[in-house]
Protein chains: 2
Amino acid sequence: MSTRKGRKAHRQDLLTRLWDLGRIMSTQTVFLHQAIAQSVGLNATDTKCVDLILRGPHEAVTAGWLSNVTGLTTGAVTHILDRLEKRGIVERVRDTSDRRKVFVRVRQDRLEPLIPQYEAIGKAYLRLVEEYSDKELKLICEYLERVSALSESELAKIISARRSREYKG
Amino acid sequence: MSTRKGRKAHRQDLLTRLWDLGRIMSTQTVFLHQAIAQSVGLNATDTKCVDLILRGPHEAVTAGWLSNVTGLTTGAVTHILDRLEKRGIVERVRDTSDRRKVFVRVRQDRLEPLIPQYEAIGKAYLRLVEEYSDKELKLICEYLERVSALSESELAKIISARRSREYKG
DNA sequence: TCAGATATCTGCATTGTTAAGATAAATGCC
DNA sequence: GGCATTTATCTTAACAATGCAGATATCTGA
């Protein structure tokens, strides 16, 4: 690996390529998931909130929790839940012990009609990963898990920075 | 690798984990990039359009091209360009040979003030990838490039499906 | 001139924010 | 304990932004 370019230059190329890929993929994600959501009559925010509720810390999460992890205002979350509830995709349940809280639960059965939209892309993705060995997939998994953790902490950082700015202003 | 689980079960675990990661990361991306954009006074759509113009097929692209690759209507693109132009981030340039066309160019100098916001996350990301060998990074790069190509074709598919539906409707 | 392509404009629906308010729980003081 | 105050959670209402559909304007080339 030192025919024309040095080892360091080669590595630098890889890093640049990875960074660019990150930018490209985030752009694609924004528009792709907007389009996918639209094709089932929703928008990207709403569908992604459903995803968050599904994989939330408990089987049901509160509206406040959603506001925290998304960085959206509680007012926006209320609207989101209104829309999703009208579609029958989620239901609100008041907490009996702390009646301020509203738990939100996804109604799996109402979600199923939307799944076919996702299956086509899922199949194409499966064909892609099938070409890799277990060992390679493990490496990729671990890498993505780290990137995901990084994204999560960055978003949390931005949200808390915004909050502390609101106190001063 | 056959202590408790069979080889096949292990692989199935990996595939499920990867699929879940894809869902998690797309959700994170939607909210993270919305938050990042907001912190520089823009929105996710607008910043991502800037990104697309920067890496477009030519140094300058047309509004119609942007509409095509994003899946947004031309009306939406007009508003986006209005906002970006007002901020001085892009400029419209009429083509002299084909005067129907309006080329959009990014003004790099007006972009630079926004870069610091991205540098913190860039540094954290660099620390992450530094732990990997060249060979590993190459594998990851190639994997991501394939996923990216898949996303691009999926978005194109949705957009063209939408168009053909409009003819009938 | 006309067909087509391209870009923009207009009016409207959707989405998210801010600010205020309603209700419930927690805290503190007597 | 009982009551006032503060804090927490969610909702509402008015407004700002964003995006869409469709109409209009502009341009090219036959």
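For the numbers below, each heavy atom of this structure counts, side chains included, while hydrogens, waters and symmetry mates do not. Here is the naming used below: chain letters follow the sequence lines, and residue numbers restart at 1 for every chain.
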Output the distance between atom CD (B:Glu136) and atom CG (A:Leu139), rounded to the nearest 0.5 Å.
5.0 Å

Which residue lies toward the 5' end of DNA chain C, B:Trp65 or A:Gly71, if each is placed at its nearest nucleotide?
B:Trp65

Whole-Å distance, A:Asp82 CG to C:dT17 C1', equals 15 Å

Are there over 12 heavy-atom neighbours, none belonging to B:Gln38, within less than 6.0 Å of that residue's CD?
yes

What closest approach, in Å, do B:Thr78 and B:Arg92 show between heavy atoms, and which atom pair accounts for it?
O-NH2, 3.4 Å

For DNA chain D, which residues in residues 86-95 of chain A have a heavy atom at a distance below 4.0 Å?
A:Arg92

Closest heavy-atom pair and its distance - A:Tyr118, A:Leu114:
CD1-O, 3.4 Å

Heavy-atom donor-acceptor pair, B:Gln28 side chain to A:Ser148 backbone, under 3.5 Å
yes

Look for any protein N or O under 3.5 Å of an N or O in nucleotides 14-19 of chain D and output each such pair with its distance, or none.
{"unit_1": "D:dT18", "atom_1": "OP2", "unit_2": "B:Asn43", "atom_2": "ND2", "d": "2.8"}
{"unit_1": "D:dG19", "atom_1": "OP1", "unit_2": "B:Thr45", "atom_2": "OG1", "d": "2.7"}
{"unit_1": "D:dG19", "atom_1": "OP2", "unit_2": "B:Arg83", "atom_2": "NH2", "d": "2.9"}

Could you report the tightest heavy-atom contact between B:Gly122 and A:Trp19, atom names first, then the distance?
CA-CH2, 3.5 Å

Canonical and wobble pairing (Watson-Crick, G-U, under 3.5 Å) of DNA chain C, dot-bracket with |:
||||||||||||||||||||||||||||||

Let me know the distance between CZ of B:Phe31 and P of C:dT15, rounded to the nearest Å.
13 Å

Mind running side chain to side chain contact (heavy atoms under 4.5 Å, CB included) on B:Asp46 and B:Ile89 for me, showing each step along the way?
CA-CA 10 Å; B:Asp46 291 6; B:Ile89 293 172; over 6 Å; no

Reckon A:Arg100 has a side-chain N or O less than 4.0 Å from the OP1 or OP2 of C:dA24?
no

Heavy-atom closest pair (A:Ile121 atom, A:Leu32 atom, distance to 0.1 Å) is CD1-CD2, 4.3 Å

Quickly work out the A:Phe103 CZ to D:dT11 P distance and round it to whole Å.
13 Å

Less than 4.0 Å between a side-chain N and a carboxylate O, is that true for A:Asp82 and A:Lys86?
no

Under-4.0 Å salt bridge between B:Glu154 and B:Lys157
yes

So what does A:Ser97 hit on the nucleic acid, given a heavy-atom distance under 4.0 Å: a base, only sugar-phosphate, or nothing?
sugar-phosphate

Looking at B:Lys138 and B:Asp134, is any side-chain nitrogen of the basic one under 4.0 Å from a carboxylate oxygen of the acidic one?
no

Length of the line joining B:Leu66:CG and D:dC20:P, which is rounded to integer Å:
13 Å

